[in-house]
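For ligands, and for the atoms within them, numbers begin at 1 and follow the listed sequence. In this chain, numbering begins with 1 at the start of the sequence shown.
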Amino acid sequence: MLPRTKAEAARIKAVIAPTTDFTRPEKFEQKPGGAASVRARDTADAFSQSSANMSFEREMDFKLGNGLFRKTWVAAPSSTRASDGLGPLYNARGCQDCHIKDGRGHPPAPGQAAVSMFLRLSVPGGATPWVDQADAIEEFLSTSPDPVYGGQLQDFAVPGVPPEGQMRIDWQIQPVTLADGTVVNLRKPAFSIDNPAYGPPSPDLQISARVAPPMIGLGLLEAIPEADILANADPDDRDGDGVSGRANIVWSVENGRPMLGRFGLKAGAPTIRHQSAAAFAGDMGLSTPLFTDPYGECTAAQTACRAAAVGQEPDIRDGLEVDGASLDLVTFYSRNLAVPERRNPGDPQVLRGKEVFYTAQCQACHVPKFVTARLKDQPEQSFQLIWPYSDLLLHDMGEGLADNRPESRATGREWRTAPLWGLGLTKTVGGQENYLHDGRATSILEAVLWHGGEAQAARDRVVALSKTDRDALIAFLESL
Ligand code: HEC
Ligand code: HEC
């Protein structure tokens, strides 16, 4: 990362200041991913394009990464040695099964198995990841994997190994009446484990349901200078606006030190590479240079799992199921899924909705703009004005959204502000709408009505809106 001059920093500060003019679109607003943005397609491929500013030579790596992202892994031993090693326990057989068309996943339909979402599991207490006290993470909330089920419930396993159980969701309908009399039925999920195959889970088991989030713009989020993210943190709410914002600090396996968390729904992963390697290990049971155990999530208590065949052989793939070169290609791909251009930022209703968004103080967390760092080796992400509508910080979102399962510094009530770019293309890409960390909201309005805690005041302002302004707000969000 190349340092910014004082003059440049001042210029950037002026560019990213929140707008006060809602009569016309802002300069460059049309391109939320800067020069990496692509023309929005009206098809399910809308999230599957590469950064528009990518050179022809680098397109090849994107295509190879795409191949690995779409690949269906199989159990070992198999005749297709290059694709074996799945499991023994797994949630899905490929990245694309969860990040559907590079977009988000969804809760299972009634009677269907859960694929594109899973339950993270833990029990309170346990060891800390650092050895040296100098590396300690302040306000760390320690948890450990469940001694039998591990850190995640795998609903699937290779032949001969019992799957851990099935994720169960019980929905409860909660009607909300808006100021104009409109009634919106929210559905609140309760998660549990059906048919736990390895005995009853620990009585103090912590469960956090996670739906796979969309994959666009991730490299740009990674390229935001850390200082610019930390500048928005206000843990003690000094400015008194009711919105605090805390950075998650997490353990980097790659670097052996604490780092700012940016990825995952509680910002539990520091880099795209780390998150991708964790997905290979936890979601598919595949070893990489970062997580080298080919048994993935099998715990010592799961003996059939520990005895099953794995796909790791000394003579191929650096002795791993997924070698470093493959992990790097998937990481490159994940960095370069492009953000589509805005469709109609100048539409009068959209502009009014944008004003409502600012007046309701949504932008206190959904921070509109950043400028990425200058990066020598990543021309696609380097020095771009981007519009993710997220501060990448953690916020207390109230009891309704709480999972009561901490992650590094994130409490059981905190979540990372969801980036809103691409929001309006959700249905085009995935065929359905499911928002929030567990996919409980089936419309954008429902997602907003679930906001509590630090976002309670913003949510209440939306409840009080006239129908005209509410429709305008939704039109703005759909234009992102
Ligand atoms: C079983 C479903 C599933 C599979 C398979 C899966 N993911 Fe994910 N992915 C998720 C979920 C759920 C999250 C959110 C994780 C969290 O909150 O900790 C996520 C998050 C991510 C993120 C961070 C996105 C963000 O907005 O912060 C990246 C990057 C990612 N996955 C890459 C991959 C790659 C690469 C693969 C294949 C190697 C993969 N995923 C396979 C479910 C899946
Ligand atoms: C205090 C911070 C905060 C404020 C204020 C806030 N949000 Fe959010 N928003 C979040 C967080 C955190 C999430 C993710 C919550 C989750 O997944 O459970 C989120 C999620 C969303 C989502 C769902 C996105 C997705 O991809 O699933 C939408 C839509 C949204 N917010 C819109 C709004 C609007 C509109 C406003 C203003 C009325 C607003 N938010 C105000 C923090 C905030």
inquiry  = Under 4.0 Å from a heavy atom of N91: which atoms of ligand 1 are those, numbered in the order shown and with their elements?
reply    = 1 (C)

task = Output yes when D391 and R416 qualify as a salt bridge under the 4.0 Å nitrogen-oxygen rule, no when they do not.
result = no

query = Which of these, C362, A418, S244, C365, has its nearest heavy atom closest to atom 1 (C) of ligand 2?
reply = C365

query = Can you list the ligand 2 atoms lying under 4.0 Å from a non-hydrogen atom of V462?
reply = 38 (C)

Atom indices of ligand 2, in the order listed, that fall short of 4.0 Å to a heavy atom of E454 = 1 (C)

inquiry  = Out of all atoms in ligand 2, which are within 4.0 Å of some heavy atom of T417? Include the element for each.
reply    = 11 (C), 12 (C)

task = Counting heavy atoms only, name the option from F118, W73, Y90, F263 that's nearest to atom 12 (C) of ligand 1.
result = F118

note = Nearest non-hydrogen contact to atom 15 (C) of ligand 1 from the set M215, R120, K71, H99 belongs to R120

task = In plain terms, say whether D438 and R210 are close enough for a salt bridge, that is, a side-chain N and a carboxylate O under 4.0 Å apart.
result = no

request  = May I ask whether V211 places a heavy atom under 4.0 Å from ligand 1?
outcome  = yes

query = Is the NZ or CZ atom of R440 both under 6.0 Å from the centre of the six-membered ring of W450 and within 45° of that ring's axis?
reply = yes

key: Proximal atoms of ligand 1 relative to R416 (non-hydrogen, under 4.0 Å)   = 25 (C), 26 (O), 27 (O)

inquiry  = What verdict does the ring pair (Phe, Tyr, Trp, His ring centres under 6.0 Å) test give for Y358 and H366, after you've listed the backbone C-alpha separation in whole Å, the side-chain angles of each residue and the deciding distance to 0.1 Å?
reply    = CA-CA 10 Å; Y358 277 69; H366 295 284; over 10 Å; no

task = Show your reasoning for whether side-chain contact (heavy atoms from CB on, under 4.5 Å) applies to V74 and R93.
result = CA-CA 7 Å; V74 298; R93 304 173 63 140; 3.7 Å; yes

ask   = Between the candidates C95, G94, A277, which shows the shortest non-hydrogen contact distance to atom 38 (C) of ligand 1?
value = C95

Distance in Å, L220 CG paired with Q384 CD, rounded so as to fall on 0.5 Å steps = 7.0 Å

request  = Could you give me the CA-CA distance, side-chain angles and deciding distance for R246 and E454, then say whether salt bridge (charged side-chain N to carboxylate O under 4.0 Å, His left out) is met?
outcome  = CA-CA 12 Å; R246 297 171 65 232; E454 293 172 40; over 6 Å; no

query = Are K467 and D180 within salt-bridge range, i.e. N to O under 4.0 Å?
reply = no

ask   = Is any N, O or S atom of H366 under 2.8 Å away from atom 8 (Fe) of ligand 2?
value = yes

ask   = Does some non-hydrogen atom of R104 fall short of 4.0 Å from ligand 2?
value = yes

ask   = Hey, which atoms in ligand 2 end up nearer than 4.0 Å to a heavy atom of Q361?
value = 5 (C)

ask   = In terms of residue, atom name and distance, what is the protein heavy atom nearest to atom 27 (O) of ligand 2?
value = L436 N, 2.8 Å

query = Near A92, which atoms of ligand 1 are under 4.0 Å from a heavy atom of that residue?
reply = 1 (C), 5 (C)

request  = Could you see which bit of V115 sits under 4.0 Å from ligand 1, with heavy atoms only: side chain, backbone, both or neither?
outcome  = backbone

query = Less than 4.0 Å between a side-chain N and a carboxylate O, is that true for E446 and R187?
reply = no

remark   = For A212, the atoms of ligand 1 under 4.0 Å from one of its heavy atoms are 10 (C), 11 (C), 12 (C), 42 (C)

query = atom 8 (Fe) of ligand 2 to H451: any N/O/S contact under 2.8 Å?
reply = yes

request  = Go through the steps for N336 and M54 under the test side-chain contact (heavy atoms from CB on, under 4.5 Å), then give the verdict.
outcome  = CA-CA 9 Å; N336 279 294; M54 183 180 283; 3.4 Å; yes

request  = Please work out whether any backbone atom (N, CA, C, O) or any side-chain heavy atom from C-beta onward of H395 is under 4.0 Å from ligand 2, and answer side chain, backbone, both or neither.
outcome  = side chain

ask   = Is D194 salt-bridged to R168, cutoff N-O under 4.0 Å?
value = yes

ask   = Does CZ in R70 sit with more than 12 non-hydrogen atoms of other residues, nucleotides or ligands closer than 6.0 Å?
value = no

task = Could you check atom 11 (C) of ligand 2 against the protein and tell me its nearest heavy-atom contact, residue, atom and distance included?
result = M397 CE, 3.5 Å

ask   = Does E414 come within less than 4.0 Å of ligand 2, judged by its heavy atoms?
value = no

request  = Let me see the working for R470 and T182 under side-chain contact (heavy atoms from CB on, under 4.5 Å), right down to the final yes or no.
outcome  = CA-CA 11 Å; R470 193 169 68 234; T182 305; 3.4 Å; yes

query = How far is atom 29 (C) of ligand 2 from its nearest protein heavy atom, and which residue and atom name does that atom have?
reply = L423 CD2, 3.8 Å

ask   = What residue and atom, counting heavy atoms only, is the protein's closest point to atom 5 (C) of ligand 1, and at what distance?
value = C98 SG, 3.3 Å

key: contact_flag F69 ligand 1 heavy-atom lt 4.0 Å   = yes

key: Residue, atom name and distance, where the atom is the protein heavy atom closest to atom 43 (C) of ligand 1   = D283 OD2, 3.3 Å

query = When you look for heavy atoms under 4.0 Å from ligand 1, do you find them on the side chain of A279, its backbone, both, or neither?
reply = side chain

key: R210: numbered ligand 1 atoms lying under 4.0 Å from its heavy atoms   = 12 (C), 16 (C), 17 (O), 18 (O)

request  = Could you check which of D460, L401, L420, L265 puts a non-hydrogen atom nearest to atom 28 (C) of ligand 2?
outcome  = L420

request  = May I ask you to list the atoms of ligand 1 that are less than 4.0 angstrom from any heavy atom of F280?
outcome  = 38 (C)

ask   = Purely on distance, is any nitrogen or oxygen of R262 under 3.5 Å from one on ligand 1?
value = no

task = Run the numbers for me: atoms of ligand 1, each under 4.0 Å from some heavy atom of M284, listed by number.
result = 37 (C), 38 (C)

task = Could you list which atoms of ligand 2 come closer than 4.0 Å to a heavy atom of L477?
result = 35 (C)

message = Do the side chains of R409 and E414 get close enough for a salt bridge, i.e. N-O under 4.0 angstrom?
response = no

inquiry  = Looking only at protein heavy atoms, which one is nearest to atom 35 (C) of ligand 1, and what is the separation?
reply    = V330 CG1, 3.2 Å

query = Of all the atoms in ligand 2, which lie at a distance below 4.0 Å from a heavy atom belonging to A455?
reply = 1 (C), 3 (C), 4 (C), 5 (C)

request  = Would you check whether P213 has a nitrogen or oxygen atom less than 3.5 angstrom from a nitrogen or oxygen atom of ligand 1?
outcome  = no

task = Determine whether any heavy atom of H437 lies closer than 4.0 Å to an atom of ligand 1.
result = no

message = Given F62, which partner from the list F69, F332, Y333 fulfils the ring-ring contact (aromatic ring centres under 6.0 Å, His included) test?
response = Y333

inquiry  = Could you go through H106 and E433, starting from their C-alpha distance and side-chain angles, then the distance that decides it, and tell me whether this counts as side-chain contact (heavy atoms from CB on, under 4.5 Å)?
reply    = CA-CA 8 Å; H106 55 76; E433 287 180 279; over 6 Å; no

key: Stacked cation flag K188 on W171, 6.0 angstrom / 45 deg   = no

Contact partition for Q275 relative to ligand 1, non-hydrogen atoms under 4.0 Å = side chain

message = Any heavy atom of L68 closer to ligand 1 than 4.0 angstrom?
response = no

ask   = Does K266 reach ligand 1 with a nitrogen or oxygen that is under 3.5 Å from one of the ligand's nitrogen or oxygen atoms?
value = no

